[in-house]
Amino acid sequence: MLVETDSCNSPFVLDANGLGRLIASLHASGHRVLGPTRRDNAVVYDEVRSTSDLPRGWVDEQAGGHYRLKREGEAYFGYTIGPTAWKSFLHPPKQSLWSTKTGNGQTEIRPASISDEKLAFLGVRACELAAIAVQDKVFLDGAYRDPHYAARRANLFIIAVNCGRAASTCFCSSMGTGPKAREGYDLALTEFITSEDVAFLAVAGSKEGAEMLSTLPTRPATQADIDASTEATAQAESQINRRIDTSGLSPLLKENPDHPRWNDVASRCLNCANCTMVCPTCFCTKVEEVSDLDGVETSRVQSWASCFTSDFSYIHGGAVRTTPKARYRQWMTHKLATWVDQFGTSGCVGCGRCITWCPVGIDITEEAAAIRSGNKGG
Amino acid sequence: MAHIPDPHLSDPMVPVLARVTNRVEEIPGVVTFEINAPQWQGFAPGQFNMLSLFGVGEIPISISGPSFDSTTIIHTIRDVGAVSGAMATLEPGAMLGMRGPYGTAWPVEQARGRDVVVVAGGLGLAPVRPILYHLITNRANFGRVTLLYGARSPDEILFRNELSKWRAQLDMSVEVTVDHADATWRGHVGVVTTLFKGADFDPAKTTAFVCGPEIMMRFGANALTDAGVAPEDIHLSMERNMQCAIGLCGHCQIGPFFVCKDGPVFNWAQMKPLMAIKEL
Ligand SMILES: Cc1cc2nc3c(=O)[nH]c(=O)nc-3n(C[C@H](O)[C@H](O)[C@H](O)COP(=O)(O)OP(=O)(O)OC[C@H]3O[C@@H](n4cnc5c(N)ncnc54)[C@H](O)[C@@H]3O)c2cc1C
Ligand code: SF4
Ligand code: SF4
Ligand code: FES
């Protein structure tokens, strides 16, 4: 289902007060509203009780291995993206899958209950919508699906906010995912500056979104509003200067497992796994056993795992990928190449998080270009 | 937006309670179990189950019994670590968790009317045993049947009684070799590929099933293609770390494949280029 801003679904304008009403309405309908907040000098997604929790007037400055917030302007959504990915809520870092209880010689297996919590995400960027769509494919479209993810997803209300700025690490446009949200939202907002304040061009992308919009204090958008919001998106687009050339990229990477560049990047990579933790599409998990001392109660706990660790590929006799080279190659080749074979889409949406949060500033766009150019590691 | 399936259908990560009904110690450290689980509907040769010991962990184990018996579940487990070691101590009556069966099957029926060569190394004899049961039960449907088995030493030969029974059968050829002989051993010595020389099959009409350590499968598959068997007719079972067995945890990948759902059984045309890449 595709809803274009400029088509039949006519846009409305919401002011800052209306944004507050939106948050309140979501609370009133039983949603837990999650959105951008400023914590530890970063924009992280967390509980939003009102507009005063939003990082108004803060923007980020990002580069390889660099992230800093600074004061600039009056926008509520002037930052781009921070370290948290929405997967933290849909596919949490740790969750119990089931537990057992033994008594009187009887053991009982108890599946973890399926949560019926209603979540609302406020401020989902276009690249992040794409990332959610990627994880939907992983968790919902295969022969087996994750019922916990499915439940959270079924009860999710998504408010996309189009970017008005891009970070130096962003490359969504070359991955075909942004900077403008095209589908996968209930409501999409574009923030623009008016003479008095900020305002939001609001478009519904679903029936639920349209219903919500109809309850809010809005006015129909004028051509000037539409132009202002188009300009905001165009500004973000013009600021994007990183890119990945995706043409023939999947076969290119698969045909180059012995390219010297893999040794080069492996000599820089710390195998810290930061990139996989911040990446909004990385989905790997491991399971561990938790047991009370007398073994009466046990539980099976699932948590995020990273292909950068050696135990990830451990089988009896030793790990399959013992070298940092093999692990970096697995990660990047999966993201950009084999993901396409597995799920019919790239595993990278161009959000740039792995570049910003890599302590040594390894840049996936640069690494992909180096493999393409036949750069012999120098 | 995405089509969201009903979250309240059963959770594929949650096992059912199964009970050990029989235990046979095959050789020191290797135990064959019979297990009873509710709602079991049978399996196809080559498939595996995820077995859980509560408070210990969960591991993938192939089904080593006959696929025509759709009530009993048979597993042969070697004690190599925490979970397999604890499992190897289970006695009849013990409870464990089970989910499955998972994965692709040995395409045994594709071998109808053809010669069949089964090549196994070490514990790899367990995952191919369902093939042998199938071939023996439907013997008339197949051409020449050959089993080539290699073990490290005579005291590590698995399923000894069955091997001698099969060897005595006139309509199949069974050859066993050991890497290291002892004083009692009067058979072949050397790696399993040395048995190919004496084997009688028509390479153009042969389907091969190979299971064992990765290096042994690589040598075995290469020896078969050298003999003229087509890579598409050589099938092998891959082993990778598995945390879910349902394509969701990411651990079992080899290139574009998830071993748990696209495998564990692959053909040599699929695996050869990937196994040629170091540490893929
Ligand atoms: C499809 C498949 C079929 C198998 N069939 C059999 C069989 O029929 N009989 C048998 O004895 N063994 C079989 N194995 C191997 C068996 O799963 C491992 O020996 C077992 O997982 C080791 O776990 P552990 O806890 O005892 O060892 P540890 O060394 O303590 O392992 C710790 C953890 O690492 C992982 N791990 C270690 N080795 C392997 C491995 N080889 N494969 C996958 N994960 C591993 C597991 O998560 C395990 O819990 C099979 C493996 C696969 C993938
Ligand atoms: S690989 Fe990097 S840029 Fe691509 S989606 Fe993951 S974190 Fe974002
Ligand atoms: S690429 Fe960077 S973030 Fe990823 S594991 Fe290597 S050092 Fe860590
Ligand atoms: S074992 Fe989890 S994806 Fe294959």
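When reading the values below, keep in mind they use all heavy atoms of this one structure, side chains included, and skip hydrogens, waters and symmetry mates. Proteins get letters first, then strands, A, B, ... in listed order; numbering begins at 1 in each.
Atom CD of A:Q106 has 12 or fewer neighbouring heavy atoms from other residues, nucleotides or ligands inside a 6.0 Å radius. More than 12 heavy atoms of other residues, nucleotides or ligands shown are found within 6.0 angstrom of CZ on B:F159. The environment of CD1 in B:I215 is sparse: at most 12 heavy-atom neighbours from other residues, nucleotides or ligands sit within 6.0 Å. More than 12 heavy atoms of other residues, nucleotides or ligands lie within 6.0 Å of CD in B:E91, so this atom counts as buried by the packing criterion. Enclosure of atom CZ in B:R19 is not indicated, since only 12 or fewer non-hydrogen atoms of other residues, nucleotides or ligands lie within 6.0 angstrom.
Of the two parts of A:R329, only the side chain, counted from C-beta on, holds a non-hydrogen atom closer than 4.5 Å to a non-hydrogen atom of chain B. Of the two parts of A:S299, neither the backbone nor the side chain holds a non-hydrogen atom closer than 4.5 Å to a non-hydrogen atom of chain B. Contacts between A:T322 and chain B at a heavy-atom distance below 4.5 Å involve backbone atoms as well as side-chain atoms. Only the side chain of A:I109 has a heavy atom closer than 4.5 Å to any heavy atom of chain B. At a 4.5 Å heavy-atom cutoff, the contact between B:L53 and chain A is made by backbone atoms alone. Neither the backbone nor the side chain of A:D292 comes within contact range of chain B, judged by heavy atoms closer than 4.5 Å. Neither the backbone nor the side chain of A:A133 comes within contact range of chain B; no heavy atoms are under 4.5 Å apart. For B:P213, no part lies near chain A; criterion is any non-hydrogen pair under 4.5 Å.
The structure places CD1 of B:I254 at 11.0 Å from OG of A:S313, a figure rounded to the nearest 0.5 Å. Here CG of B:L274 is found 9.5 Å from NZ of A:K254. Values are rounded to the nearest 0.5 Å.
Between chain B and the options A:Y144, A:Y149, A:F139, A:Y314, heavy-atom pairs under 4.5 Å are most frequent for A:Y144. Between chain B and the options A:G142, A:A319, A:S291, A:C284, the largest number of non-hydrogen pairs under 4.5 Å is found for A:C284. Of all the listed residues (B:G81, B:P273, B:G247, B:C249), the one sharing the greatest number of non-hydrogen pairs under 4.5 Å with chain A is B:C249. Options B:H251, B:Q243, B:M95 differ in how many heavy-atom pairs under 4.5 Å they form with chain A, and the most are formed by B:H251. Top candidate by heavy-atom pairs under 4.5 Å with chain A, chosen from B:C244, B:P256, B:G250, B:G255, is B:P256. Between chain B and the residues A:D341, A:T285, A:T338, the largest count of heavy-atom pairs under 4.5 Å involves A:T285. Interface check for chain B: of the options A:Q302, A:K286, A:K137, A:R327, the most heavy-atom pairs under 4.5 Å are formed by A:K286.
The closest side-chain heavy-atom distance from A:W98 to B:S52 is below 4.5 Å. Between A:H148 and B:D11 the shortest side-chain heavy-atom distance falls below 4.5 Å. Using a 4.5 Å heavy-atom threshold, the side chains of B:N241 and A:F312 count as separate. Side-chain contact between A:E289 and B:V83: absent, with no pair of heavy atoms (C-beta onward) separated by less than 4.5 Å. Within the 4.5 Å cutoff, the side chain of B:Q253 has no heavy atoms near those of the A:T333 side chain.
Within the 3.5 Å criterion, the main-chain N or O of A:I315 finds no donor-acceptor partner in the side chain of B:E239.
Note: A:F283 and B:F258 have tilted aromatic rings, judged against thresholds of 30 and 60 degrees for the angle between ring planes.
Looking at every heavy atom in both residues, A:T323 comes nearest to B:E279 through OG1-OE1, 2.8 Å. Counting all heavy atoms, side chain and backbone alike, A:P147 lies closest to B:P12 at CD-CD, 4.0 Å. Contact detail for B:L248 and A:V138: the closest heavy-atom pair is CD2-O, 3.3 Å.
A salt bridge (Lys or Arg N to Asp or Glu O under 4.0 Å) check over residues 48-64 of chain B, counting only residues at least two apart or in different chains, returns the pairs A:R300-B:E58, B:E58-B:R99.
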